[in-house]
Amino acid sequence: MRPALILLLALAPPLATAQWTAEKPGSDNITVLGHIALGPRLSVADMDLEQELHRPYAYVSRMVYGDDGPKGTDIIDLSDPTQPAVIYEWRIEDQDLHMRTGGMDVKYFKWRDRYYVVQSLQFGAGGPNPDLGAVILDVTDLPDVRTVREVARIREPNLPGGFHNIFVYKHSNGRVLLFSTASGPFANVYDLGVIVEGDLQNAQIARVPVPESPLGRAGRRGYHDFYVGYHEETTSDRFYGGGTGGYYVYDVTDLDSPQLLVTLTGINGVRSGHTFTPSPDGRYVIAETEYRYAPLRIFDLQPALDGKVTNIRNPISAWTADWQHLVHNHEVRWPYVFVSGYLDGLQIFSMMDPANPVTVAYYDTYLGPPNTDRYAMFNGAFGVDVRNVDGLIAVSDMSTGFWTFRMDGFQGWQGTDWGVPDISSAQQWDSE
């Protein structure tokens with residue numbers, strides 16, 4: 001029996017009244033392995049972990065909010081997770097001339113035995129590259145940083161403003177696809193294999209629309225974030241998007257004709273969806289919306305998947321770390337949800353019983369004051385990822401840098417150990 005199978009028995013959830021302090025910032029079952037500061041406050045955005053042990057690399061987006069900071073990507077070597085080290089920095093040229101944020105989201109992918117990184121970018125009018133959405137780097141020959149090279153830039157001249165979020169997915173047709181947000185009522189879909197082979201002109205292959213709703217019609221709507229995954233029961237590819245009006249699930253097996261399956265709109269307290277992630281079997285979804293006091297809402301899609309309803313508006317439960325704050329991005333490794341909780345740091349809860357989610361571990365990576373440049377909750381833990389093969393947990397914190405953790409008893413994740421499909425955000429590049 002894998003240790004993961006007995007973790008729920010080994011972990012006693014913290015008391016609901018537990019408080020993390022500078023003297024005790026985390027639960028007893030979380031071990032800090034390593035930490036590295038990366039620069040000015042509010043200069044760190046999302047991150048991504050490679051999943052193979054022979055490629056121990058993390059990619060961290062660098063942005064500018066408030067204080068000066070870089071705009072680009074850091075590559076971190078995790079050969080020794082207790083001593084994370086930045087080995088390469090990619091930066092957009094003419095840093096000071098570029099307006100707005102810079103690097104926001106980052107994902108790696110593999111295509112024909114080579115490894116690449118996609119860094120999403122957002123630059124504004126008044127400076128160079130307002131139409132630049134992403135840069136692709138070839139990182140195949142790491143740790144030799146002399147071989148890292150830029151291979152492509154994805155531009156959208158008709159939709160300036162860049163890509164706020166991206167998701168890379170290996171489609172059932174074998175192609176590696178980039179889904180990106182855009183300043184329009186849809187998500188763009190690009191064929192990354194076509195791009196790295198030099199054919200940018202034919203790279204965009206599809207769009208997934210944001211349905212009209214009472215909260216957004218015509219062009220006044222868009223996606224903020226999404227997830228794409230294989231649905232084993234129906235052997236289909238499914239898109240889960242959060243945007244204007246709520247959340248939407250599409251069948252994108254036929255990219256020429258995405259089919260809307262489920263809407264989640266008319267939800268009390270939700271005007272626009274944010275991060276939106278399904279369980280491995282596609283039945284349950286965890287939905288975030290971005291405002292103070294908002295919990296993660298958990299919905300059961302089964303009534304819609306069974307054809308009984310077309311829209312779902314009532315969650316079956318909700319979870320948050322501190323009701324006064326806001327929890328942010330999350331990764332699902334059933335039954336666990338790993339959360340980057342802004343001012344509450346790394347949070348981990350179990351949804352073994354989806355109607356009663358329970359906190360099982362936590363570590364606060366940021367104990368400083370709330371933000372004063374934007375809304376108060378916008379500081380602290382931004383991105384989170386899990387390396388399935390060994391259970392390494394990583395967090396990117398907007399102000400304190402990059403962290404690595406272990407949770408007692410969690411030595412890796414494989415869906416079949418839990419009786420669910422072996423499906424997560426981690427792509428299986430070499431599978432047929």
Step-by-step ring pair (Phe, Tyr, Trp, His ring centres under 6.0 Å) determination, Phe239 to Tyr223: CA-CA 12 Å; Phe239 169 97; Tyr223 283 111; 5.2 Å; yes
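- Taking a 6.0 Å sphere around CZ of Arg153, one finds it holds more than 12 heavy atoms contributed by other residues, nucleotides or ligands.
- Between Lys170 and Asp237 there is no salt bridge, since no side-chain N of the basic residue sits under 4.0 Å from a carboxylate O of the acidic one.
- For the residue pair Asn329/Ser340, the side-chain donor-acceptor check at 3.5 Å is not satisfied.
- Under a 4.0 Å N-O distance rule, the pair Glu89/Arg62 does not qualify as a salt bridge.
- Taking the side chain as every heavy atom from C-beta outward, Arg387 and Asp385 never approach each other to under 4.5 Å.
- The six-membered or imidazole ring of Tyr363 lies near that of Trp403, with a centre-to-centre distance under 6.0 Å.
- Checking each of His325, Glu290, Arg292 against Tyr342 for a side chain to side chain donor-acceptor pair (under 3.5 Å) leaves exactly one that passes, namely Glu290.
- Side-chain contact check for His330 and Thr277: at least one donor-acceptor pair (N or O, by modelled atom type) lies under 3.5 Å.
- Under the 4.0 Å criterion applied to side-chain N and carboxylate O atoms, Lys107 and Asp48 are not assigned as salt-bridge partners.
- Between Phe167 and Tyr227, the distance from one ring center to the other falls under 6.0 angstrom.
- Here Asp77 does not pair with Arg55 in a salt bridge; the nearest charged N to carboxylate O distance is not below 4.0 Å.
- Residues Gln428 and Asp422 form a side-chain contact, since some pair of their non-hydrogen atoms from C-beta on lies under 4.5 Å apart.
- Applying the ring-ring contact (aromatic ring centres under 6.0 Å, His included) test between Phe276 and each of Tyr248, Tyr247, Phe226 identifies Tyr247 as the sole match.
- The structure places CH2 of Trp429 at 7.5 Å from CZ of Phe109, a figure rounded to the nearest 0.5 Å.
- Ring pair Phe410/Phe338: centre-to-centre distance below 6.0 Å.
- Checked by atom type, the side-chain pair Glu50/Tyr59 shows a donor-acceptor distance below 3.5 Å.
- Between Leu200 and Arg155 the shortest side-chain heavy-atom distance does not fall below 4.5 Å.
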